[in-house]
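To start, the structure itself, in structure tokens.
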Number of protein chains: 2
Amino acid sequence: MPTKSAKKAVETADRGVKPVRRRLSPAERRIQIIEAARALFCEGGLALVSMRNIARRVGITQAAIYQHFEDKDAILFAIAEEFFTRLIEDGMEKSNEEADPIARLKRGLRGYIEVGLSRPDEYRLVFMTNVPGFKRRGMHRVPPGEEAPVELTKGKIAYAFLQEQVRDLIGSGLLCKGDPEVVAEAVWAAIHGIVSLILTHLDFPWAREELIETQLRILFDGLLPDGSPSRGKVQAASPKA
Amino acid sequence: MPTKSAKKAVETADRGVKPVRRRLSPAERRIQIIEAARALFCEGGLALVSMRNIARRVGITQAAIYQHFEDKDAILFAIAEEFFTRLIEDGMEKSNEEADPIARLKRGLRGYIEVGLSRPDEYRLVFMTNVPGFKRRGMHRVPPGEEAPVELTKGKIAYAFLQEQVRDLIGSGLLCKGDPEVVAEAVWAAIHGIVSLILTHLDFPWAREELIETQLRILFDGLLPDGSPSRGKVQAASPKA
DNA sequence: CCTGTTACCGAACAGCGTTTATTTAATGTC
DNA sequence: GACATTAAATAAACGCTGTTCGGTAACAGG
């Protein structure tokens, strides 16, 4: 949409009159490119992340990027992986602050929501946008990179973390019975629904905290067995940073 | 991504050597354009819906479309509106088959899920894709068309339908107390999460019905007051058509 | 110092959404 | 039936996009 622009805030990086070209090691360039892409992405969303914009920032031509990345998608994938890493670290960190396993789960879910809301563009990229061609390198897929078939996607790790907790809770009778896999999916769906909902209607003036608490209360009231002492209680929001 | 094509299955519509141009009434052309766009959309998702492809199908040039639609987004919006209409009609129809208000709500939610899963591309378009520039003509926004400021978006109607049911249920004490608006959002989030989850991982081999039932059970167990006779029961799936 | 390797550039291709000036078909009105 | 008006259509262009290709030049090892 070349009409509604506001795109050209991208710095020309005119590196002098002489196009004296500097070679960098692939490792360095790779990092430069990812960082430039991430910066553009955070500034104006996916729309700003074009090969030419990235190249302009790095100070090379767009064609040079293909020396380091197979695709534009490969760059986005790198960004997504970084986001997942944050998601995992935040979730684990928050979770480990709690001793009670139910509280642990709640904290982890809260952490997920908070990360999602604090990095809306990345969340959308990973979970809400079917990036045209983002070749399904998602939660349940392996990365297509021929070079790294060992390392699974961070998304799988993040999801396995949730699955494990749910499995343990059901195993020890703290959560209602049911196929742990299915319950885990259901839990994730409920949480994702909240984040997705808020991100889709960013303009809508609702009280986020109230909505989040309501959702968590409903979710855990539905999950916990009838006599559980945790029923009806809502985990307090984590202290604002 | 001009590389991995498979795009050119779009029929050239070369209407003879003579470019004898036929004028059609705006109403007719408008329908033609929407239908062409919808067809392309269903065939290959958003990627195939380009102004040039639409025009080729209709048998006009791409510029002519702008006589009938302000934007590409306006075309997508029209598709979305049609989808919402289906969502509303299906939901209401299914709902009205039930007498018990709780069962009514369950049926409506089931209807929503089924429509979403049966029309994945449209669901993604409306609820999961931040169409670049889809100028936030979403659930909570009015359409920007200057010509029709009276008619609100179908999305608002659909959502109001859910809100009303939740409000009534809370009012009559059948659902746990809480701000009806917030509870309605939470319910929608849970349901949307399920659809979104399944659509995002279409390849993942899970039992959909089981996942849907689990989610609905958890949701309603969380919503219903402790002594409610409906607790723990799951509404049976609607008979396959 | 010479020689490979390869990171990089310049130019191009095909597609995209959109705009402009221009043509031409259809529809009144006399 | 002839003429003026209206607006649906066109052709061509603009600037953007992702990607490819042939050549160049910078660095590394000998």
Side-chain angles (χ1 to χ4, degrees), chain A residues 1-8 10 13-33 37 40 44-56 58-76 131-135, chain B residues 1-10 12-33 37 40 44 46-56 58-77 131-135:
Chain A
M1 291 81 196
T3 285
K4 47 231 88 112
S5 29
K7 289 193 173 185
K8 274 280 143 170
V10 178
D14 53 288
R15 56 208 182 292
V17 183
K18 300 215 167 181
V20 48
R21 71 178 164 202
R22 297 189 9 81
R23 277 168 79 106
L24 249 64
S25 78
E28 282 181 89
R29 269 285 185 257
R30 208 169 192 283
I31 293 174
Q32 280 190 346
I33 291 168
L40 285 166
L46 252 187
L48 239 49
V49 183
S50 74
M51 300 304 261
R52 282 166 175 83
N53 275 349
I54 295 171
R56 211 167 0 235
V58 174
I60 56 180
T61 58
Q62 64 266 27
I65 298 179
Y66 289 87
Q67 203 69 221
H68 307 280
F69 290 90
E70 185 201 344
D71 243 356
K72 185 189 181 186
D73 287 343
I75 300 175
L76 296 179
V131 179
F134 202 55
K135 302 160 191 155
Chain B
M1 292 82 199
T3 286
K4 49 279 275 218
S5 29
K7 288 192 175 190
K8 274 279 142 173
V10 179
T12 322
D14 54 290
R15 57 207 181 291
V17 182
K18 304 215 164 177
V20 49
R21 70 180 163 198
R22 301 191 4 81
R23 280 170 77 107
L24 247 62
S25 79
E28 282 181 90
R29 269 283 186 260
R30 210 172 189 280
I31 292 174
Q32 279 190 347
I33 292 168
L40 287 166
L46 252 188
L48 238 49
V49 184
S50 74
M51 300 302 259
R52 284 166 173 82
N53 275 349
I54 296 171
R56 215 172 351 241
V58 173
I60 55 180
T61 56
Q62 65 266 25
I65 298 178
Y66 290 86
Q67 204 70 222
H68 307 279
F69 291 90
E70 186 202 341
D71 244 354
K72 185 188 181 186
D73 287 343
I75 300 174
L76 297 179
F77 185 69
V131 178
F134 202 56
K135 300 162 190 150

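Atoms considered below: every heavy atom in the structure, side chains included; atoms not considered: hydrogens, waters and symmetry mates. All chains are named by letter (A, B, ...) in the order of the sequence lines, taking the proteins before the strands, and each is independently numbered beginning at 1.
Dashed line: the shortest gap from a side-chain N or O of R23(A) to OP1 or OP2 of dA28(D) is not under 4.0 Å. Phosphate contact (OP1/OP2 of dA11(D), side-chain N/O of T61(B), threshold under 4.0 Å): absent. In this structure, R52(B) does not reach the dA14(C) phosphate: none of its side-chain N or O atoms is under 4.0 Å from OP1 or OP2.
Rounded to whole Å, atom P of dT17(D) lies 10 Å from atom CD1 of I54(A). Here dC8(C) presents its C1' atom at 11 Å from CG of L24(A), a figure rounded to the nearest Å. dA26(C) atom P lies 11 Å from atom CZ of R29(B), rounded to whole Å. Atoms CG (N53(B)) and C1' (dG17(C)) sit 13 Å apart, rounded to a whole Å. The CD1-P distance, from I60(B) to dT24(C), rounds to 18 Å in whole Å. One atom, CZ of F69(B), and another, C1' of dA9(D), lie 16 Å apart when rounded to the nearest Å. Remark: P of dG10(C) and CE of M51(A) are 17 Å apart, rounded to the nearest angstrom. Rounded to whole Å, atom C1' of dC9(C) lies 13 Å from atom CD1 of I65(A).
Considering only side-chain atoms of Q62(A), the nucleotide from dC16(C), dA12(C), dA7(C) that sits closest is dA12(C). Of the candidate nucleotides dC8(C), dA8(D), dT19(C), dT19(C) has the atom lying nearest to any side-chain atom of Y66(B). Minimum atom distance to the side chain of P26(A) is reached by dA7(C), of the listed dG18(D), dT10(D), dA7(C). Listed candidates were dT17(D), dC8(C), dT18(C). Nearest to the side chain of S50(A) is dT17(D). Candidate nucleotides dT17(D), dA7(C), dG17(C) were compared by shortest atom distance to the side chain of H68(A), and dA7(C) ranks first. Nearest nucleotide to the D71(B) side chain, out of dT20(D), dT18(C), dA9(D): dT18(C).
The CD atom of E28(A) sits 12.5 Å away from atom CZ of R23(A), with the distance rounded to the nearest 0.5 Å. Atom-to-atom distance recorded for I60(A):CD1 and L24(A):CG is 9.0 Å, nearest 0.5 angstrom. To the nearest 0.5 Å, atom CZ of residue R52(B) and atom CD of residue Q62(B) are 4.5 Å apart.
When all heavy atoms of A55(B) and T61(B) are compared, the closest pair comes out as CB-C, 3.5 Å.
At the heavy-atom level, A63(B) lies under 4.0 Å from base atoms of the strands shown.
Within the 4.5 Å cutoff, no side-chain heavy atoms of K72(A) are placed close to those of I54(A).
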